[in-house]
Amino acid sequence: MDCASKLLAALNPSQQEALHHRQGPLIIVAGAGSGKTRVLTHRIAYLIATGTPPEAILGITFTNKAAREMRERVRALLFADAPPSQREPLLTTFHALGVRILREYASLVGLPRTFTIADRADSLRLIKDILKEVGAISSFEPRSVLGAISRSKGDTTSLAAYREQADTPFASLVVRVWERYEEALRRNGMVDFDDLLLLTYRLVATNAEVRASLQERWRHLHIDEFQDTNAVQYALVKLLVGPERNLCVVGDVDQNIYSWRGARIRYMLSFERDFPGARCIVLEENYRSTQTIVSAANSLIVHNYHRIPKQSRSTNEKGDPIFLFSATDEHEEASFVARTVKEALSRGRSASEFAVLYRANFQSRVLEEALLREGVPYHVVGTRFFDRKEVKDVLAYARAALNPHATVDLARIANTPPRGIGKATLAALLAGREHTLSPRARNAVATLRATLQSIAQAIASQPASRAIRSILEESGYLAMLQGSNREEDRERLENLKELVSLATEYDALPPPSGIEELLTYAALESDQDTLRAQREGVALMTVHAAKGLEFPEVFVVGLEEGLFPSSAGLSDPSRDEEEERRLLYVAMTRAQKRLWLSWAQSRMLFGSRSLQSPSSFLAEIDEQYLAPVPPLQPGGEEPLQVIYLS
């Protein structure tokens, strides 16, 4: 059997249709657990196996983790019995694609090729400084101002267009801050996350030669998680699609939970109108969850009006009912979760098989306390490896060496480790007034510049992991941590060793591309990318962070009116009750074997205890799939009275 036949044989009839459709627009409506990634990667492999040049294929998704998984799967499908070819499809994220195109055409958009990507922390710091400059730091929240700028860029709205529509005090302030923010970014040779897409879109939209070149380069486009695209992403996709209209999109309207980031389900709902003659394939077989979980999720989501109708069905057993627990308060709810997991661990289960999902981050505190009390290992998803101070410091050295204009990075590492550059010296350095400094201060600045020059040479000549080692040595960071007896510094040293290990993945790239790619990866890492494979412990996370993940057993806690659905979420004009319902649908469909739902009759909110009512969504789940759990016994001596069917 040849490769193409093997690829087809591995799929069900609906999935096979996606492979047979080789020309023209195609939309694949892929329900939760329907093998979406499997179909997408098999389709890409099938195109290559049947003669399409690998480099003519572009696949776009939303997280580093998803892009890496796609690359690994395609390689496994095509090169199982042979070494990988140098000719491979480009499988990447929207933002990483923007980086690639902007670096290639940097001169056309007025950027240095070595531009720095400002992460959210960098952007917030700049916004905060600007608010101080204009005397508005006490009146307006920096995150709100940055959010307004980010949403506008995501909608392809320019500063000039926003200025024309600014008719409130807040909008007028955003205009003033935005102007200074753009100046600060350009002065530092930086672009923010939103610029990676907006500048790429403007380049492709206004330069016919670039547009034609990219369309010729990538003749087959594949978009994963299409329901999560925002205006600028969709506009860019339409520009990249060539005359042959070979665009395949995969997604599920029922899993759109990012409208607050600008995601619009209308692009998926109107796809067949935007691309006349498009083929629509619906994948309804769920390979992840039991039939009970799938049926219960179906009974919930059918209450949404804006969706593409489908009736998911499981290929697995019926399974246990969905266990519903009503707690007296949030402490009893957390104790219920901890004791249930502890009881399962006593029967030989692994803590990593469990996840606890909640609507808001503040809910994790009492859960952590309960798990600690019961001795159950756990980890909170969302603490990014690249957000750790020592990791950010070392990467800031690399960024400052590559981009001398990046004063944000220069300010971060100027006196880390201490080298005699205080606040006054730093201010003079950043303002270009070194001549006013004392001889001692000038020597300290000269030492810093020499260090950065040495690091720049290492980055330009050494593999990525060796370059990171050089940064640790040349900067004095390694000596600083090795000379400390504090446990915190020993932990920091271990994290930097992990950074060196991570950098080895980029050693095959010629310098300085390895470090550039590592910096890009670090800047674009998402919350989901922080969930390391095989990590021990119960995973605690928001439902948003759980998107794309799955666990044998899942607890969804805090199912109370005003919390889930969230009254705060519904106050956002871009949100509605249907999105809150989709959020619960996503939470429920993360579970493979067993699902637990819980709510508390009272909860401490904003410093005062309030009475809670069960979420209206619970009444929408067909009661035939629910099984109430008896209250906990005082003292925790009695085992939970739950009957497992499987």
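All residue numbers refer to positions in the sequence shown, counting from 1.
Using a 4.0 Å cut-off between charged side-chain N and carboxylate O, E104 and R100 make no salt bridge. Using a 4.0 Å cut-off between charged nitrogen and carboxylate oxygen, R581 and E577 count as a salt-bridge pair.
Side-chain contact of T50 with R22: a donor-acceptor pair under 3.5 Å is present, judged by distance alone. Side chains of Y585 and N304: a donor-acceptor N/O pair is absent below 3.5 angstrom, by distance only. For the residue pair S123 / D192, no side-chain donor-acceptor distance below 3.5 Å is found, with atom types taken as modelled. If you check the side chains of R43 and H222, you find a donor sitting under 3.5 Å from an acceptor. Inspection of the D194 and S150 side chains reveals an N or O donor paired with an N or O acceptor under 3.5 Å. Between the side chains of Y105 and N207, not a single donor N or O lies within less than 3.5 Å of an accepting N or O.
At distances below 3.5 Å, at least one donor-acceptor pair connects side-chain atoms of T542 with backbone N or O atoms of A545. Under the 3.5 Å distance criterion, the side-chain polar atoms of R87 are left unmatched by any main-chain donor or acceptor of P54. Checked by atom type and distance alone, the side chain of Q215 pairs as donor or acceptor with a backbone atom of L239 at under 3.5 Å. In terms of modelled atom types and a separation under 3.5 Å, the side chain of R279 and the main chain of G24 share no donor-acceptor contact. Under a 3.5 Å cut-off, the side chain of D2 and the backbone N or O of S5 do form a donor-acceptor pair. Listed for the N12 side chain is a donor-acceptor partner under 3.5 Å among the backbone atoms of S14. Not one N or O on the side chain of R582 forms a donor-acceptor pair closer than 3.5 Å with the backbone of D254. When atom types are taken as modelled, the side chain of R202 and the backbone of T156 share no donor-acceptor pair closer than 3.5 angstrom. Side-chain atoms of N316 come within 3.5 Å of backbone atoms of S289 as a donor-acceptor pair (strictly under, hydrogens ignored). For the pair S152 (side chain) and A148 (backbone), a donor-acceptor distance under 3.5 Å is present.
For the pair F115/R103, a side-chain contact is recorded, criterion being any heavy-atom separation below 4.5 Å from C-beta on. I44 has its side chain within reach of L91: a pair of non-hydrogen atoms, C-beta onward, lies under 4.5 Å apart. Contact check for L58 versus R219: no side-chain heavy atoms found under the 4.5 Å cut-off. The shortest distance between side-chain heavy atoms of R399 and M190 falls below 4.5 Å. A heavy-atom distance below 4.5 Å is found between the side chains of H20 and L8. Residues V237 and V249 have side chains not in contact (no heavy-atom distance under 4.5 Å, counting atoms from C-beta outward). At least one side-chain heavy atom of L40 sits less than 4.5 Å from a side-chain heavy atom of M70. Using a 4.5 Å heavy-atom threshold, the side chains of R71 and R68 count as touching.
Closest approach of V586 to V543, counting heavy atoms only: CG1-CG1, 4.3 Å. Across every non-hydrogen atom of R307 and L269, the tightest pair is C-CD2, 4.1 Å. Here the closest non-hydrogen pair linking D252 and Q227 is N-OE1, 2.9 Å. In plain terms, the two heavy atoms of L78 and C3 that are nearest each other are CD2-SG, 4.4 Å. In this structure, G31 and Q255 approach most closely via the heavy-atom pair C-NE2, 4.0 Å. For the residue pair R288 and A32, the shortest heavy atom distance occurs at NH1-CB, 4.1 Å.
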Please report the C-alpha distance between L583 and H544 in whole Å, then the side-chain angles of each, then the deciding distance to 0.1 Å, and finally whether the side-chain contact (heavy atoms from CB on, under 4.5 Å) criterion is met. CA-CA 8 Å; L583 197 57; H544 284 101; 3.8 Å; yes

Residues V145, I130; criterion side-chain contact (heavy atoms from CB on, under 4.5 Å); working and verdict | CA-CA 11 Å; V145 177; I130 295 168; over 6 Å; no

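Distance check: K153 NZ to L159 CG gives 9.0 Å after rounding to the nearest 0.5 Å. Atom NE2 in H220 sits 11.0 Å away from atom SG in C248 (nearest 0.5 Å). A distance of 11.5 Å separates CG in N230 from OG in S259, rounded to the nearest 0.5 Å. How far OH of Y521 is from OH of Y506: 6.0 Å, rounded to the nearest 0.5 Å.
Tested against F94, the residues I223, V232, T200 include a single side chain to side chain contact (heavy atoms under 4.5 Å, CB included) partner, I223. Partner of E580 under the side chain to side chain contact (heavy atoms under 4.5 Å, CB included) criterion, out of S616, S567, S615, P565: P565 alone.
Heavy atoms of other residues, nucleotides or ligands lying less than 6.0 angstrom from CZ of R313 number more than 12. Atom CZ of R163 has more than 12 heavy atoms from other residues, nucleotides or ligands within 6.0 Å. Y267 OH: more than 12 foreign heavy atoms inside a 6.0 Å radius.
Using the six-membered ring where Trp is involved, F226 and F271 have ring planes that are perpendicular, over 60° apart on the 30 and 60° scheme.
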